[in-house]
Structures are given as structure tokens and as C-alpha cells.
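Worksheet: the structure to be examined is printed underneath.
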Amino acid sequence: MNYCRNIDYSFSATHPDTFGMMVSALLSKLPSDRALLRLVFFGNPGSNADYLQQLAELRAQVAKQCGHQVPAISYVAEAPLDSGLAMEVHSYAAEENDRLTYRFLDGISYVVLQNNDGRFLFAGGFQSDIINRNIDEQSQDVFVLLERLLRAEAFPLNAIARQWNYIERITNSTEGRQHYQSFNNARATFYGKTDWPDGYPAATGIGAAYGGIVVDVDAMDFSSSGCRLFPIDNRLQVAAHKYSSDVLSTGKDHGFTPKFERAKGISVRDENTLVYISGTAAIRGENSLETDFETQFKTTMENVLHLISGRDGTQTAAPEHYFARLSFLRIYLKDEKYSAITRKLLASCRLQIPVLYLLADVCRSELLVEIEGIAVY
């Protein structure tokens, strides 16, 4: 077994239609020869009430389609470009020694993969009451749910390797507290319950139109000495968890720094390395580049290049050599008007991989684009 080679990331999209018809169309495209680990749907609900109705619809259809093997499910209110609804699929080519278990806890579906290398957890859709609870309360609630699941499956908290954090109106404030800062405070308090000898998780903190706080995680508890997790830094940037206290907060809204690494590597017996690339933007040091879109995009891709060039970021070959390691990208755009130039600029990288384009607010109002992804080498 080689986790790095056997896991796959892909997406499908469908034309605008009724929500139920779009979900049905996407589910008809699910791979039949691979085990499903996670489904992430990206859509454009008109309100939180609309979001909840759509979430219930897609959960019902996934349950009907998958039977007793329901993967992790999440629904993110980020409009996909050029489609009505998009579905990202995390799947796995299981081998003889792999054992996959599909479970539910507190209404959350998740998957545990176990083999000779260890145990791997894929969970998503950690979410609170988005109608009656504010962002502070929701942020705390999702980590209560996450901790309960980790304990139920005997995963240590610091086994989390990758975390996706979708935050409604991420740069807005409620009662003087910015939503992203409220989330960072809850995350830091949760992470403070343990040490992180292998670094914090790779993570994305990105805006969503609705849905409150939604969190997805991958966690890994290795039993083989040939497997390891390690943080990947970017010498062009200050580590996010080492930011100055006033980088993201404003006025009285001070709090904890974002607890994540720029990327996280998974090495399996030195055969392959998989890199979770955190949400990456045009930041140098700890400051945003308040420039035109093209400069921001190129700077962001330079940061991505640094993260996939090896543990120390040393580049001994042309950029195309390292970009060939990429296997999947999500590109978050603040405005649809940047779609054409993004595709043109990305074409110069000569990538032949799935790229999912989404409309979303970035955690700093001056940033116009954010990119995350997967690399394997």
C-alpha cells in the first residue's frame, strides 16, 4: 500500500438546474472502482434557510446512492465558476491489506482507513446551528464535535494533518469581532490542549456566503516507522502561527494567530511524498501585496512553487519540473471578473490536472486570489 499514490482528488460540475437534479447529475458521475472518502459540494444558496434545505437534499441523495458506505460530506456556499453545482471527490484505490469502515457520529458521516501503515480518518461537515448560534458560538461548537469524534475513534488531537475551514462572511464582524478572528481564537484554544511536535495541520481558512462555520479534516495515526508527517515552511513568508498580533485583527479585535503550517508533507517509506498545500495567497513576510491581480496571482504561484520544491524549498530545476508534481488545485477568486486572466496565467504553467474555480472571500480584504492543492512526488 502507498497512501500517497492511492488517494485521488477530482471534481465534476453540472449546468444550472433545480438543486435536486444537479445533485443527481453529479452523483451519477461517482467512480465505481474506487472507495469514496469525501464529497464536497460547492453551490450558491440564497440564504441560510436555503442552504439548510439544500444540505438536507444532498445528504438524502448521497445516502440513497451510497447505502451503507456514506463518505464524509460537506456543503460549501461558494459559487463554482461556469456551473450550477460542483462536487469534489476524494477517493481511494483500496488494496488487499486496506480496511475501510464507514461510520456516523452526531449525524456526521466519516471514514476510517486502516492498514499496515496506520489509521487514517476522513471526516467533514462539522457544523453547528447556523440559524440561532453566532460565529463565536459556532466556532466553539465545531471543535467540540471534532474532539468527540477524535476521541471516539482514538485519534490523538495532533493527528490532524489537513483541515479545511469555511467561514461565513469571513472578513465581516459581529459585535466588534471579525469572523475569522473568532474562528482563530476557538481553533487556538482547541489546539492548545496538546503539543504539536510535527507542526500544526495544513489548513485553509476561506470565506463562504452562508453555512456558518464548516470544518473538514484528514487525520493520521501511523503505526509504521516508515511513515511520517512534517511541516513545510516558506522562507518567503512568516509562518502564520508566528504572525504579529495585529496582522489580521483590527481595533479592539485582538486574539490568537492562525494555527496552521504553510504545507504539510506525508512521507511513506521514502517512496513518495504527498504535500497538502494550505490556502496560499500573495503574502510576503506577513504582509499582503496590495497590487494588481496579475501580480498577486504570480506571487501566489511562486509561494506554491516554494512549497512543492522539497522540504527546504531549494529549486535546482526549472519551475515546470516542480509544477508537474501538482495533482489538484482549488483556486478561490474574489470576483468572477478575474476568471479569464487566471486561466490565461495558469496556462503558462502547463498543468494537466483538475482545477476547481470558486468565488469566495479571502481572509484579508485586500487579497484577490487564494490557491490550495495537492502535490505528489
Side-chain angles (χ1 to χ4, degrees), residues 3 6-14 19-43 45 51-78 85-95 98-115 119-130 141-142 144-155 159-166 211-221 328 356:
Y3 174 87
N6 289 20
I7 195 165
D8 181 72
Y9 301 82
S10 62
F11 80 93
S12 299
T14 188
F19 188 79
M21 291 299 292
M22 291 191 294
V23 173
S24 179
L26 291 176
L27 294 180
S28 70
K29 301 176 183 180
L30 287 174
S32 59
D33 58 342
R34 300 178 65 88
L36 298 178
L37 303 176
R38 175 181 287 111
L39 302 178
V40 189
F41 294 85
F42 297 92
Y51 172 91
L52 289 174
Q53 290 180 346
Q54 293 179 356
L55 176 61
E57 171 71 20
L58 69 87
R59 281 178 171 169
Q61 286 208 39
V62 172
K64 182 178 180 180
Q65 176 86 11
C66 297
H68 297 296
Q69 297 183 332
V70 176
I73 303 169
S74 53
Y75 181 37
V76 183
E78 295 172 349
L85 189 69
M87 176 183 69
E88 186 175 300
V89 181
H90 301 186
S91 63
Y92 185 78
E95 298 182 7
D98 292 319
R99 183 164 64 89
L100 285 136
T101 306
Y102 293 81
R103 294 176 176 155
F104 283 89
L105 182 69
D106 295 325
I108 296 167
S109 56
Y110 62 98
V111 184
V112 177
L113 164 65
Q114 186 167 357
N115 53 41
R119 299 170 67 241
F120 304 79
L121 171 70
F122 307 90
F126 292 98
Q127 204 164 14
S128 178
D129 180 345
I130 68 174
D141 290 347
V142 295
V144 170
L145 292 171
L146 175 54
E147 184 172 21
R148 189 177 299 159
L149 193 150
L150 290 171
R151 285 183 173 177
E153 293 297 337
F155 276 85
I160 301 172
R162 181 60 162 105
Q163 189 167 314
W164 291 266
N165 310 297
Y166 308 103
I213 302 293
V214 183
V215 169
D216 296 349
V217 299
D218 289 355
M220 299 166 193
D221 189 15
F328 185 85
L356 179 57

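These figures come from a predicted structure and were not determined experimentally. These values consider heavy atoms only, across backbone and side chains, with no hydrogens, waters or symmetry-generated copies.
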Please find the pair of heavy atoms, one from [X] and one from [Y], that lie closest to each other, and give the distance.
X: Pro31; Y: Val89; result: CD-CG1, 4.3 Å
X: Gln65; Y: Leu27; result: NE2-O, 3.5 Å
X: Val111; Y: Leu37; result: CG2-O, 3.7 Å
X: Val62; Y: Pro71; result: CG1-CD, 4.2 Å
X: Gly125; Y: Asp216; result: N-OD1, 2.9 Å

Report the residues that fulfil side-chain hydrogen bond (donor to acceptor under 3.5 Å, both in side chains) with [X], sequence neighbours left out, ordered by chain and then residue number.
X: Gln61; answer: Glu57
X: Arg59; answer: none
X: Asp218; answer: Arg38, Tyr276
X: Asp106; answer: Arg148

Heavy-atom distance under 4.5 Å between the side chains of [X] and [Y], does that happen here?
X: Gln54; Y: Phe41; value: no
X: Phe19; Y: Gln53; value: no
X: Ser74; Y: Val40; value: yes
X: Val70; Y: Phe104; value: yes
X: Leu55; Y: Gln127; value: yes

Rounded to the nearest 0.5 Å, how far apart are [atom1] of [X] and [atom2] of [Y]?
X: Phe126; Y: Leu146; atom1: CZ; atom2: CG; result: 4.5 Å
X: Ile73; Y: Ile108; atom1: CD1; atom2: CD1; result: 11.0 Å
X: Leu58; Y: Ser24; atom1: CG; atom2: OG; result: 12.5 Å
X: Glu88; Y: Phe328; atom1: CD; atom2: CZ; result: 3.5 Å
X: Leu36; Y: Gln69; atom1: CG; atom2: CD; result: 8.0 Å
X: Ile130; Y: Leu52; atom1: CD1; atom2: CG; result: 4.0 Å

Check whether more than 12 heavy atoms from other residues, nucleotides or ligands sit under 6.0 Å from atom NZ of Lys29, and answer yes or no.
yes
Not counting sequence neighbours, which residues clear side-chain contact (heavy atoms from CB on, under 4.5 Å) with [X]? List them please.
X: Ala94; value: Tyr92, Asp98, Leu100
X: Glu153; value: Arg103, Tyr110, Val112, Arg119, Leu149, Phe155
X: Thr14; value: Met22, Ala25, Leu26, Leu85
X: Arg151; value: Glu147

Test your reading of the model: is there a side-chain donor-acceptor pair from Asn6 to the backbone of Ala93, 3.5 Å cut-off?
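Present.
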Suppose we screen for ring pair (Phe, Tyr, Trp, His ring centres under 6.0 Å). Which residues come up paired with [X], at least two apart in sequence or across chains?
X: Tyr51; result: Tyr75
X: Tyr102; result: none
X: Tyr9; result: His90

Please identify each residue that fulfils salt bridge (Lys or Arg N to Asp or Glu O under 4.0 Å) with Asp141, with sequence neighbours left out.
Arg133
Side chain to side chain contact (heavy atoms under 4.5 Å, CB included) with Phe120: of Ile7, Asp221, Asn115, only one passes, and it is Asn115
